[in-house]
Amino acid sequence: MESPKKAAVFLKEFREFITFLGTLWGLLAGISVFFPLSSTLLKVIPLQAYEADGVFNHLSPPLITSVSTVITLFVVLSTYGRRNEYMGIGTRIARRQAWVSIGASMAALVVYMTIHQIYGEYAYDVFGLGSDDPLKLFFEIPLLIAYTTFFSLLTRAFMLLGMVEFYRDN
(Lines give C-alpha, C1' and ligand atoms only; values in the text may rest on other atoms or scores of the structure.)
Protein backbone atom coordinates (compact mmCIF):
# COMPACT_ATOMS: atom_id res chain seq x y z
CA MET A 1 0.00 0.00 0.00
CA GLU A 2 2.77 2.40 0.85
CA SER A 3 4.60 1.92 -2.46
CA PRO A 4 1.88 3.49 -4.70
CA LYS A 5 1.80 6.54 -2.42
CA LYS A 6 5.56 6.95 -2.69
CA ALA A 7 5.35 6.59 -6.45
CA ALA A 8 2.63 9.24 -6.63
CA VAL A 9 4.67 11.64 -4.50
CA PHE A 10 7.76 11.00 -6.62
CA LEU A 11 5.84 11.64 -9.85
CA LYS A 12 4.37 14.86 -8.43
CA GLU A 13 7.81 16.10 -7.39
CA PHE A 14 9.30 15.04 -10.74
CA ARG A 15 6.60 17.00 -12.62
CA GLU A 16 7.35 20.00 -10.39
CA PHE A 17 11.06 19.68 -11.20
CA ILE A 18 10.33 19.53 -14.93
CA THR A 19 8.05 22.57 -14.59
CA PHE A 20 10.83 24.40 -12.73
CA LEU A 21 13.31 23.57 -15.50
CA GLY A 22 10.85 25.06 -17.99
CA THR A 23 10.98 28.49 -16.33
CA LEU A 24 13.53 31.12 -17.34
CA TRP A 25 15.68 30.52 -14.26
CA GLY A 26 15.34 26.78 -14.62
CA LEU A 27 16.49 27.06 -18.22
CA LEU A 28 19.52 29.09 -17.12
CA ALA A 29 20.33 26.47 -14.47
CA GLY A 30 19.85 23.67 -16.99
CA ILE A 31 22.01 25.40 -19.58
CA SER A 32 24.74 26.04 -17.02
CA VAL A 33 25.04 22.27 -16.58
CA PHE A 34 26.38 22.22 -20.12
CA PHE A 35 28.87 25.05 -19.56
CA PRO A 36 31.76 22.60 -18.99
CA LEU A 37 30.96 20.96 -22.33
CA SER A 38 30.53 24.27 -24.14
CA SER A 39 33.77 25.57 -22.66
CA THR A 40 35.57 22.63 -24.22
CA LEU A 41 33.95 23.32 -27.59
CA LEU A 42 34.37 27.10 -27.53
CA LYS A 43 37.77 27.06 -25.78
CA VAL A 44 36.74 29.93 -23.50
CA ILE A 45 38.67 28.53 -20.55
CA PRO A 46 42.02 26.95 -21.52
CA LEU A 47 41.71 23.18 -21.27
CA GLN A 48 44.05 21.50 -23.72
CA ALA A 49 46.15 18.41 -23.50
CA TYR A 50 49.93 18.70 -23.36
CA GLU A 51 50.23 17.39 -26.91
CA ALA A 52 48.00 20.23 -28.17
CA ASP A 53 50.15 22.93 -26.52
CA GLY A 54 48.13 22.72 -23.32
CA VAL A 55 49.17 21.81 -19.81
CA PHE A 56 47.25 18.62 -19.07
CA ASN A 57 49.50 15.59 -19.30
CA HIS A 58 47.98 12.99 -16.97
CA LEU A 59 44.37 14.16 -16.72
CA SER A 60 42.72 14.40 -20.12
CA PRO A 61 40.40 17.30 -21.00
CA PRO A 62 37.48 14.88 -21.66
CA LEU A 63 37.98 13.43 -18.16
CA ILE A 64 38.00 16.90 -16.60
CA THR A 65 34.89 17.91 -18.54
CA SER A 66 33.10 14.68 -17.60
CA VAL A 67 33.90 15.04 -13.91
CA SER A 68 32.82 18.68 -13.97
CA THR A 69 29.55 17.86 -15.73
CA VAL A 70 28.71 14.99 -13.35
CA ILE A 71 29.44 17.14 -10.28
CA THR A 72 27.37 19.99 -11.75
CA LEU A 73 24.44 17.63 -12.35
CA PHE A 74 24.81 16.43 -8.77
CA VAL A 75 24.68 20.04 -7.54
CA VAL A 76 21.50 20.65 -9.57
CA LEU A 77 19.75 17.65 -8.07
CA SER A 78 21.09 18.28 -4.58
CA THR A 79 20.06 21.93 -4.62
CA TYR A 80 16.62 21.12 -5.94
CA GLY A 81 16.25 18.32 -3.38
CA ARG A 82 16.85 20.85 -0.61
CA ARG A 83 14.33 23.36 -2.03
CA ASN A 84 12.08 23.23 1.03
CA GLU A 85 15.03 24.01 3.28
CA TYR A 86 16.04 26.98 1.14
CA MET A 87 12.53 28.30 0.93
CA GLY A 88 12.14 27.83 4.68
CA ILE A 89 15.06 30.15 5.42
CA GLY A 90 13.59 32.97 3.40
CA THR A 91 14.26 34.36 -0.02
CA ARG A 92 16.69 36.99 1.23
CA ILE A 93 19.05 34.38 2.66
CA ALA A 94 18.70 32.20 -0.44
CA ARG A 95 19.57 35.20 -2.62
CA ARG A 96 22.57 35.92 -0.41
CA GLN A 97 23.70 32.32 -0.79
CA ALA A 98 23.36 32.72 -4.57
CA TRP A 99 25.65 35.77 -4.44
CA VAL A 100 28.13 33.86 -2.30
CA SER A 101 28.04 30.98 -4.80
CA ILE A 102 28.67 33.23 -7.77
CA GLY A 103 31.47 35.03 -5.93
CA ALA A 104 33.10 31.75 -4.94
CA SER A 105 32.74 30.48 -8.51
CA MET A 106 34.56 33.56 -9.82
CA ALA A 107 37.27 33.05 -7.19
CA ALA A 108 37.61 29.44 -8.36
CA LEU A 109 38.01 30.68 -11.93
CA VAL A 110 40.77 33.06 -10.83
CA VAL A 111 42.48 30.19 -8.98
CA TYR A 112 42.19 27.99 -12.08
CA MET A 113 43.63 30.64 -14.39
CA THR A 114 46.46 31.43 -11.96
CA ILE A 115 47.50 27.80 -11.48
CA HIS A 116 47.14 27.17 -15.22
CA GLN A 117 49.39 30.10 -16.08
CA ILE A 118 52.03 29.25 -13.47
CA TYR A 119 51.97 25.58 -14.45
CA GLY A 120 52.20 26.34 -18.17
CA GLU A 121 55.01 28.86 -17.85
CA TYR A 122 57.19 27.35 -15.13
CA ALA A 123 56.58 23.59 -15.07
CA TYR A 124 59.83 22.78 -16.82
CA ASP A 125 62.05 25.81 -16.22
CA VAL A 126 61.41 26.40 -12.51
CA PHE A 127 59.95 23.13 -11.24
CA GLY A 128 61.94 20.85 -13.54
CA LEU A 129 58.92 18.75 -14.51
CA GLY A 130 59.44 16.69 -17.65
CA SER A 131 56.68 15.71 -20.05
CA ASP A 132 55.61 12.54 -18.21
CA ASP A 133 56.59 13.47 -14.68
CA PRO A 134 53.99 12.16 -12.20
CA LEU A 135 54.58 15.24 -10.04
CA LYS A 136 52.55 17.17 -12.63
CA LEU A 137 49.49 15.76 -10.87
CA PHE A 138 50.21 18.24 -8.05
CA PHE A 139 49.18 20.93 -10.55
CA GLU A 140 46.58 19.03 -12.54
CA ILE A 141 44.43 17.88 -9.60
CA PRO A 142 44.00 21.44 -8.20
CA LEU A 143 43.17 22.54 -11.75
CA LEU A 144 40.49 19.83 -11.92
CA ILE A 145 39.07 20.93 -8.57
CA ALA A 146 39.05 24.64 -9.47
CA TYR A 147 37.47 23.97 -12.90
CA THR A 148 34.75 21.80 -11.36
CA THR A 149 34.16 24.23 -8.49
CA PHE A 150 33.72 27.12 -10.90
CA PHE A 151 31.00 25.43 -12.93
CA SER A 152 29.19 23.75 -10.05
CA LEU A 153 28.96 26.92 -7.94
CA LEU A 154 27.90 28.96 -10.96
CA THR A 155 25.10 26.47 -11.53
CA ARG A 156 24.15 26.53 -7.83
CA ALA A 157 23.80 30.32 -7.98
CA PHE A 158 21.41 30.04 -10.92
CA MET A 159 19.49 27.26 -9.20
CA LEU A 160 19.02 29.25 -6.00
CA LEU A 161 17.82 32.33 -7.84
CA GLY A 162 15.56 30.19 -9.97
CA MET A 163 14.01 28.48 -6.99
CA VAL A 164 13.41 31.80 -5.23
CA GLU A 165 11.51 33.07 -8.27
CA PHE A 166 9.71 29.81 -8.96
CA TYR A 167 8.51 29.24 -5.40
CA ARG A 168 7.79 32.89 -4.61
CA ASP A 169 4.26 32.55 -5.98
CA ASN A 170 3.68 29.25 -4.20
Side-chain angles (χ1 to χ4, degrees), residues 17 20-50 52-123 126-127 129 136-168:
F17 180 64
F20 166 71
L21 288 178
T23 65
L24 172 64
W25 288 102
L27 285 173
L28 288 173
I31 289 170
S32 66
V33 167
F34 298 104
F35 283 165
L37 298 173
S38 65
S39 177
T40 300
L41 297 175
L42 300 175
K43 301 193 184 333
V44 176
I45 299 173
L47 184 69
Q48 289 88 21
Y50 184 74
D53 292 330
V55 299
F56 290 98
N57 193 292
H58 297 290
L59 301 179
S60 68
L63 172 69
I64 294 168
T65 302
S66 298
V67 168
S68 182
T69 303
V70 166
I71 297 293
T72 302
L73 284 170
F74 178 81
V75 167
V76 166
L77 293 175
S78 175
T79 304
Y80 188 78
R82 297 176 63 193
R83 66 192 174 280
N84 293 332
E85 179 184 324
Y86 289 123
M87 296 309 104
I89 62 175
T91 59
R92 199 171 110 188
I93 295 172
R95 287 180 194 272
R96 188 177 319 134
Q97 286 184 1
W99 277 106
V100 168
S101 291
I102 198 127
S105 74
M106 292 300 130
L109 179 61
V110 168
V111 167
Y112 177 86
M113 296 302 293
T114 302
I115 294 172
H116 186 276
Q117 199 63 24
I118 290 169
Y119 179 41
E121 291 292 320
Y122 303 114
V126 175
F127 302 114
L129 302 175
K136 284 187 165 189
L137 285 171
F138 286 112
F139 287 97
E140 292 182 23
I141 290 174
L143 284 171
L144 166 69
I145 292 168
Y147 188 85
T148 301
T149 301
F150 168 67
F151 286 113
S152 61
L153 288 178
L154 183 68
T155 300
R156 182 176 185 268
F158 281 117
M159 284 291 296
L160 287 171
L161 288 177
M163 287 189 308
V164 165
E165 294 301 317
F166 182 73
Y167 289 108
R168 180 172 55 180

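Below, each value reflects all heavy atoms present in this structure, side chains not excepted, and no hydrogens, waters or symmetry copies. When a residue number appears, it is its place in the shown sequence, counting from 1. All figures in this text were calculated on a predicted structure; none of them were measured in a lab.
Within the 3.5 Å criterion, the main-chain N or O of Ile64 finds no donor-acceptor partner in the side chain of Ser68.
The side chain to side chain contact (heavy atoms under 4.5 Å, CB included) with Leu160 is formed by just one residue from the set Gln97, Arg82, Arg96; it is Gln97.
Contact record, Glu140 with Leu59: OE1-N, 2.8 Å, taken as the closest heavy-atom pair. Between Met159 and Val76 the shortest heavy-atom distance is CE-O, 3.6 Å.
In this structure, CD1 in Ile45 is found 11.5 Å from CG in Leu143, a value given to the nearest 0.5 Å. Rounding to the nearest 0.5 Å places CD1 of Ile115 at 11.5 Å from CD1 of Ile141. Here the CZ-CG distance, from Phe56 to Leu63, works out to 10.0 Å after rounding to the nearest 0.5 Å. Rounding to the nearest 0.5 Å places CZ of Arg156 at 11.0 Å from OG of Ser105. Here the OG1 atom belonging to Thr69 is positioned 8.5 Å from the CZ atom belonging to Phe151, to the nearest 0.5 angstrom. Taken to the nearest 0.5 Å, the OH atom of Tyr147 stands 10.0 Å off from the CG atom of Leu144.
With sequence neighbours excluded, no residue satisfies ring pair (Phe, Tyr, Trp, His ring centres under 6.0 Å) with Phe150. The side chain to side chain contact (heavy atoms under 4.5 Å, CB included) check on Thr149 picks up Ala108, Ile145, Leu153, with sequence neighbours excluded.
Between Phe139 and Tyr119, the two ring planes are parallel [angle under 30°; tilted spans 30° to 60°].
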